[in-house]
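See below for the structure under consideration.
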Amino acid sequence: MGTLMGVFIPCLQNILGIIFYIRFSWIVGIAGIAQSLLLVSLCCLCTFLTGLSLSAIATNGAMKGGGPYYLIGRALGPEVGISIGLCFFLGNAIAGSLYILGAVETFLDAIPGARIFKESATLIDDLSPSPQIEVLSSPNLHDLQVYGVLVTVVLCLVVFGGVKIINRVAPAFLVPVLLSVFLIFIGILSASHRNLSSEITGLRLSTFKRNWGSEYQHTNRDGIPAPDGIIYWNMEALLGLFFPAVTGIMAGSNRSASLKDTQRSIPIGTLAAIGSTTILYLVSVFMFGAVATRKELLTNRWIAVRLACFSFLFS
């Protein structure tokens, strides 16, 4: 495999994950545009420096199969390599559960009839002089557990099929991801002409200014602002929430045994994927911060779906 299919696309798929679709707009709403830019920059800087280190090791002599385990073991020795490799494996396992739960949550919200257990409801009070109480429904925790186990079993069967099967199905999953990002941006640019709601203003400077600063506060388990909420969000908490959205840069080096030229493909493909997703995240901060009110960003976790423009597909 070459640089594009062997490194760039796998890294892009692993970096651009579920957090961008169902949590990124919420992060912009609570941290504000300014600190969201700082948050994205810090996280992407960490992965960029890691990518530089990975590139330096990959170009320092011939690289055999084994991916990052071989790289770490050769650079730091087998003892340290085993320790770091174990942490890397556990990190991937936890990240896998994160993406599975995100996919299941999206599926259950899109198809409410598939829910087995009773959904949970959250009351939203805008605290205005004439408050309007809204009800936000969320999938039951047991539904997430049941469907999460089923999806995990299916994915394990795919993984057991080997790298060749994964490489064959990877482009089929990448096309919907890229198409969805394109539709979201088109929808944001055309939001002012579609009259979606009073909370979605379209790209306006006034909305941008109101969302520039941060509003760290207490929320309930669903992320809805609540004065008596059990979770308080600050910059450190958001850093832990968002950082998984920039990981996955090792996906290309995992295929080192299948690459034609590892010394060329790994540095170029990895750094190009990091740069592309960094630009995407930074642009998205400006887009989400200027298109909707803070209330909409904090209470509508599916705002990206609502903004996405699908009309031209069916015209």
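Just so it is clear, the structure is predicted and the values come from calculations on it, not from any experiment.
Grouping the Ile, Leu, Val, Met, Phe, Trp and Tyr side chains by contacts below 4.5 angstrom, directly or via other members, places Val7 apart from Ile268. Cluster membership for Leu37 and Val291, using ILVMFWY side-chain heavy atoms within less than 4.5 angstrom, is shared. Taken together through direct or relayed side-chain contacts under 4.5 Å among Ile, Leu, Val, Met, Phe, Trp and Tyr, Leu157 and Tyr147 form parts of separate hydrophobic clusters. Hydrophobic clustering (side-chain heavy atoms under 4.5 Å, transitive across Ile, Leu, Val, Met, Phe, Trp, Tyr) groups Leu155 together with Leu108. When hydrophobic clusters are built by joining Ile, Leu, Val, Met, Phe, Trp and Tyr residues whose side-chain heavy atoms come closer than 4.5 Å, directly or via intermediates, Phe185 is not grouped with Val175.
When atom types are taken as modelled, the side chain of Trp233 and the backbone of Thr219 share no donor-acceptor pair closer than 3.5 angstrom. Thr207 places no side-chain N or O within donor-acceptor distance of the main-chain N or O of Leu203, the cut-off being under 3.5 Å. Side-chain atoms of Asn14 come within 3.5 Å of backbone N or O of Pro10 as a donor-acceptor pair. The closest donor-acceptor contact from the side chain of Asp143 to the backbone of Arg115 lies at 3.5 Å or more, if one exists at all. Without hydrogens or angle criteria, Tyr281 side chain to Phe20 main chain gives no donor-acceptor distance under 3.5 Å. In terms of modelled atom types and a separation under 3.5 Å, the side chain of Asn211 and the main chain of Gly289 share a donor-acceptor contact. Side-chain atoms of Thr270 do not come within 3.5 Å of backbone N or O of Pro267 as any donor-acceptor pair. Checking side-chain atoms of Asn220 against main-chain N and O of Gly229 turns up no donor-acceptor pair under 3.5 Å.
Side-chain atoms of Leu39 and Met235, non-hydrogen and from C-beta on, do get closer than 4.5 Å to each other. Contact annotation: the side chain of Leu179 approaches that of Leu183 to within less than 4.5 Å [non-hydrogen atoms, C-beta and beyond]. Side-chain contact check for Val246 versus Cys46: every heavy-atom pair is 4.5 Å or farther apart. In this structure, the side chains of Val305 and Thr106 stay at 4.5 Å or more apart for every pair of heavy atoms. The side-chain heavy atoms of Leu297 and Ile30, taken from C-beta on, include no pair separated by under 4.5 Å. Phe24 places a side-chain heavy atom less than 4.5 Å from the side chain of Val40. Residues Ile116 and His142 are not in side-chain contact: their nearest non-hydrogen atoms beyond the backbone lie 4.5 Å or more apart. Ile231 has its side chain out of reach of His218: every pair of non-hydrogen atoms, C-beta onward, lies at least 4.5 Å apart.
One distance of note links CD1 of Ile224 with CH2 of Trp26; it measures 9.5 Å at 0.5 Å rounding. If you take CD1 on Ile15 and OG1 on Thr277, they are separated by 4.0 Å, rounding to the nearest 0.5 Å. Here Leu52 contributes atom CG and Ile57 contributes atom CD1; the two are 11.5 Å apart, rounded to the nearest 0.5 Å. One finds the CZ atom of Arg204 at 8.5 Å from the CZ atom of Arg210 (value rounded to the nearest 0.5 Å). A distance of 8.5 Å separates OG in Ser41 from CG in Leu45, rounded to the nearest 0.5 Å. One finds the OG atom of Ser55 at 4.0 Å from the CG atom of Leu271 (value rounded to the nearest 0.5 Å).
Of all non-hydrogen atoms in Ile303 and Ser25, the two that sit nearest each other are CG2-OG, 3.1 Å. Between Ser36 and Ala31, the shortest heavy-atom distance links the atoms OG-CB, 3.6 Å. Of all non-hydrogen atoms in Ile100 and Gly148, the two that sit nearest each other are CG2-O, 3.7 Å. What you find for Pro244 and Leu98 is that their closest heavy atoms are CB-CD2, 3.8 Å. Nearest heavy atom pair, residue Pro225 against residue Leu298, reads CG-CD1, 3.8 Å.
Centroid-to-centroid, the aromatic rings of Tyr232 and Tyr216 stay 6.0 Å apart or farther.
Donor-acceptor pairing under 3.5 Å is recorded for the side chains of Tyr21 and Ser180.
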Exercise. What do the steps show when you test Thr47 against Cys43 for side chain to side chain contact (heavy atoms under 4.5 Å, CB included), and what is the final call?
Worked result: CA-CA 7 Å; Thr47 55; Cys43 294; over 6 Å; no
For this session: Test Leu238 against Gln35 for side chain to side chain contact (heavy atoms under 4.5 Å, CB included), laying out the working first.
Result: CA-CA 10 Å; Leu238 292 181; Gln35 295 198 24; over 6 Å; no
Exercise. After noting the C-alpha distance and the side-chain angles of Leu54 and Met250, does the key distance pass the side chain to side chain contact (heavy atoms under 4.5 Å, CB included) rule?
Worked result: CA-CA 9 Å; Leu54 173 65; Met250 295 292 188; 4.0 Å; yes
For this session: Apply side chain to side chain contact (heavy atoms under 4.5 Å, CB included) to Met287 and Val283, showing your working.
Result: CA-CA 6 Å; Met287 289 286 197; Val283 172; 4.1 Å; yes
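In summary, Glu199 and Arg294 do not engage in a salt bridge, as defined by a charged side-chain N under 4.0 Å from a carboxylate O. Between Arg23 and Glu105, at least one side-chain nitrogen of the basic residue sits less than 4.0 Å from a carboxylate oxygen of the acidic one, meeting the salt-bridge criterion.
Residue Phe48 qualifies as open at atom CZ: its count of foreign heavy atoms under 6.0 Å is 12 or below. Atom CZ of Phe89 sits in a sparse spot, with 12 or fewer heavy atoms from other residues, nucleotides or ligands closer than 6.0 Å.
Annotation: side chain to side chain donor-acceptor pair (under 3.5 Å) contacts involving residues 86-95, sequence neighbours excluded, are absent.
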